[in-house]
Amino acid sequence: MSLVKLSLKELQDQFTRGDVSAAEIVRAYCLRMTQVEGKIKAYITRNTKETMLADAHTMDQNLKGWRKTSPLMAMPLAVKDNICTDGMLTTCGSRMLGQFVPPYDASTVTRIRSQQCFVLGKTNLDEFAMGSSTEHSAFGPSRNPWNVAHIPGGSSGGSAAAVAADECVAALGSDTGGSIRQPAACCGVVGLKPTYGRVSRYGLVAFASSLDQIGPITKTVMDAAILLNVIAGHDPLDSTSVDLPVPDYTKALKKKHAKRLTIGVPTEYFTEGLDPEVDMAVREAIQELHVLGGDIIEVSLPRTPVAIATYYVLATAEASSNLARYDGVKFGLRSKHTKDLLEMYETSRQEGFGPEVKRRIMLGTYALSSGYYDAYYGKAQAVRTLIRQDFVEAFEQVDVLVTPVMPTPAFKLGEKIDDPLQMYLSDMYTTSASLSGNPAISIPCGFSQSGLPIGLQIIGRSFEEETILRVANAYELATTWRNTRPVIR
Ligand code: GLN
């Protein structure tokens, strides 16, 4: 099998055995990128082949006769372009940060780099991670490898497309309201949003700080466990990262069944707006989980219908505050030829931000303004608590919840770009777990008649990533979805 088709685990095994060298890995992936990147446009910035080959040669020399490797050694990874990389452009898909080269690595990047992986490049995203399609990127959209006329999902669309198109073996994404899970579903790959606090946010450019999490986008559930092992854990540089021991997540995959697990199906996730093909694929997946030994019960998460409204008040409020720092003074774009300071602020922001980011800043500023604060922000905070309560109650009865990820398969480029509300509704099944902080994974569970992937979401108790990984892995091994790969045309 071609090198680029292998999963992270398979590639790692070959590398550890000495069947493949670091230089061969770099060459194979660089070749793959020259073949398909023109059609997929997954990357904003790519590392140069020469730099990576030089590193690869040194690595191969040093490894001669001593093949003790770390799980990510020589693994070709991609990083979403809102995660800071020392010395490498980090644009956030925005003109505002079009020239921004961070002087430090995000903690997740420090962790993967310390295992001597290759960072192949920085992947495309909706500007400041605000969007569900990558169409809000200032650098143009990425394409869905299954059908390049369709969106790859968003905002981590570049990362998901790169994994699906074999342009990297695995990637880091970020998820605020669904941005890891939804593109993973659109592109037929695995995406895991860890529990809020499980992974350090240090060096992740803030969108909505109480919701943002970094997580893996991979070809298999095992690969997600391997990557999570590396990035999870307390970080003194992020006060919201939690100081709990990190288990070996790959161990959770030993049980290849769902016996003695209660699996909840929330009624509110199967209502109007759910595409019949997605509905059917998800219901068949639930049936398969039953075959695998799971006890299936129906549950209710009554506040589900208000999750989107709650999310879009809180996320925009936090964004309006976080994005206040881009004023042309310290870093980021500064407009030239302005006559005074105020005009410099205004014109820099006018020129630097795209329309969706401006819309969110205005919405958020409004929700926080005096006179409206209690009615919007205060109310949304109260509802967030109730949404969290829904999950606490459901998890008294069940071990995991299973739902669709996105109401439809990936839509066409341009289809929703002029209708923000329709775009926001793509997140109707993912924002709840973001608001509650619970971990959730998206795995492939079928295809639409037109050949586009469909995703299954498995949500777990806080800090019980092991359980969702176990269920996801059992399902993945019992089905053959992964054997169908996209043909890029
Ligand atoms: N699509 C959602 C939004 O636009 C979620 C984005 C995200 O998770 N970063 O806010």
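Just so it is clear, the values below take in all heavy atoms, side chains as well, and ignore hydrogens, waters and symmetry mates. Note that the numbering runs from 1 along the sequence shown for the chain. No experiment lies behind these values; they were computed from the predicted model shown.
The two residues A208 and T176 make their nearest non-hydrogen contact at CB-CG2, 3.8 Å. Between A367 and V313, the shortest heavy-atom distance links the atoms CB-CG1, 4.1 Å. Closest approach of I468 to G460, counting heavy atoms only: CG2-N, 3.4 Å. The heavy-atom pair separating G197 from F463 by the smallest distance is C-CE2, 4.3 Å. Here the shortest heavy-atom pairing between G154 and D126 reads CA-OD2, 3.7 Å. Across all their heavy atoms, N144 and C186 have their closest contact at ND2-O, 3.0 Å.
Under the 4.5 Å side-chain criterion, counting only non-hydrogen atoms from C-beta, F118 is not in contact with N47. Side-chain contact between S210 and L314: absent, with no pair of heavy atoms (C-beta onward) separated by less than 4.5 Å. Side-chain contact between T430 and K193 is absent, with no heavy atoms from C-beta onward closer than 4.5 Å. Put simply, the side chain of V109 does not reach to within 4.5 Å of the side chain of M88, judged on heavy atoms. Looking at heavy atoms from C-beta onward, Q14 lies in side-chain contact with L3 at the 4.5 angstrom threshold. Residues L120 and R46 form no side-chain contact, since every pair of their non-hydrogen atoms from C-beta on lies 4.5 Å or further apart. L244 is listed as a side-chain neighbour of R198, based on a closest heavy-atom distance under 4.5 Å. Counting heavy atoms from C-beta on, the side chains of N82 and F207 never come closer than 4.5 Å.
The NZ atom of K39 lies 7.5 Å from the CD1 atom of I488; values are rounded to the nearest 0.5 Å. Interatomic distance, I214 CD1 to D175 CG, rounded to the nearest 0.5 Å: 11.0 Å. Atom CG of residue L11 and atom OG1 of residue T16 lie 9.0 Å apart, to the nearest 0.5 angstrom. Atom NZ of K122 and atom CD1 of I44 lie 8.5 Å apart (nearest 0.5 Å). Within the model, atoms OG1 of T240 and CD of Q213 stand 7.0 Å from one another, a figure rounded to the nearest 0.5 Å. If you take CD1 on I361 and CD on E356, they are separated by 10.5 Å, rounding to the nearest 0.5 Å.
The backbone N or O of G177 sits nowhere less than 3.5 Å from a side-chain atom of S179 that would complete a donor-acceptor pair. Here the side chain of E127 pairs a donor or acceptor atom with the backbone of G354 at under 3.5 angstrom. In this structure, S442 contributes its side chain and R181 its backbone to a donor-acceptor pair below 3.5 Å. With hydrogens and angles ignored, the 3.5 Å screen pairs no side-chain donor or acceptor of D212 with any backbone N or O of S174. Judged purely by atom type and a 3.5 angstrom limit, D243 has no side-chain atom pairing as donor or acceptor with the backbone of H234. Judged purely by atom type and a 3.5 angstrom limit, E167 has no side-chain atom pairing as donor or acceptor with the backbone of A42. Checked by atom type and distance alone, the side chain of S321 never pairs as donor or acceptor with a backbone atom of A317 at under 3.5 Å. In this structure, the side chain of H150 engages the main chain of A410 through a donor-acceptor pair within 3.5 Å. Formation of a donor-acceptor pair under 3.5 Å by the R143 side chain with backbone atoms of G38 is not found in this model. A donor-acceptor pair is defined here as one N or O able to donate and one able to accept, closer than 3.5 Å; no such pair exists between the side chain of R470 and the backbone of A252.
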- Message: Quick one, F411 with M423, criterion side chain to side chain contact (heavy atoms under 4.5 Å, CB included). Give me CA distance, side-chain angles, the key distance, then yes/no.
- Response: CA-CA 10 Å; F411 47 86; M423 189 73 94; 3.8 Å; yes

- Query: Does the pair L172 and L227 meet the rule for a side chain to side chain contact (heavy atoms under 4.5 Å, CB included), with working shown?
  - Reply: CA-CA 9 Å; L172 292 182; L227 204 46; 4.3 Å; yes

- side chain to side chain contact (heavy atoms under 4.5 Å, CB included) between I112 and V79, worked out: CA-CA 10 Å; I112 61 169; V79 175; 4.1 Å; yes

- Could you please spell out the steps behind the side chain to side chain contact (heavy atoms under 4.5 Å, CB included) verdict for K41 and N124? CA-CA 8 Å; K41 304 197 187 305; N124 197 19; 5.8 Å; no

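Remark: T34 engages L31 in a side-chain contact (heavy atoms from CB on, under 4.5 Å) (not counting sequence neighbours). With sequence neighbours left out, Y202 forms a ring pair (Phe, Tyr, Trp, His ring centres under 6.0 Å) with Y104. Every residue meeting the salt bridge (Lys or Arg N to Asp or Glu O under 4.0 Å) condition with K9, not counting sequence neighbours, appears here in chain and number order: D13.
In summary, the side chains of R388 and S462 do not present any donor paired with an acceptor at a separation below 3.5 Å, with no hydrogens or angles considered. Between the side chains of S335 and E351, a donor-acceptor pair is found at a separation under 3.5 Å. A donor-acceptor contact under 3.5 angstrom links the side chains of K80 and S156, judged on distance only. There is a side-chain donor-acceptor pair under 3.5 Å between S209 and N322. Side chains of D105 and T110: no donor on one and acceptor on the other come within 3.5 Å. At a cut-off of 3.5 Å, with distance as the only test, no side-chain donor of T134 or S137 sits close to an acceptor on the other residue. Side-chain contact check for R482 and S7: no donor-acceptor pair (N or O, by modelled atom type) lies under 3.5 Å. Side-chain atoms of T195 and E465 form a donor-acceptor pair, as typed in the model, at a separation below 3.5 Å. A donor atom on one side chain and an acceptor atom on the other are found under 3.5 Å apart for D427 and S132. For the residue pair T218/D223, the side-chain donor-acceptor check at 3.5 Å is not satisfied.
For Y326 and F128, the gap between ring centers is short of 6.0 Å.
Counting heavy-atom neighbours within 6.0 Å of Y249 OH, excluding the residue itself, gives a total above 12. The 12-atom threshold is not exceeded at NZ of K379, counting heavy atoms of other residues, nucleotides or ligands nearer than 6.0 Å. Counting non-hydrogen atoms of other residues, nucleotides and ligands closer than 6.0 Å to CD of Q99 gives a total of 12 or fewer. The number of heavy atoms from other shown groups lying within 6.0 Å of NZ (K251) does not exceed 12.
K219 has a carboxylate O that lies under 4.0 Å from a charged side-chain N of D166, or vice versa, which qualifies the two as a salt bridge.
Between F395 and F391, the ring planes lie parallel to each other; the angle is under 30°, not in the 30° to 60° tilted range.
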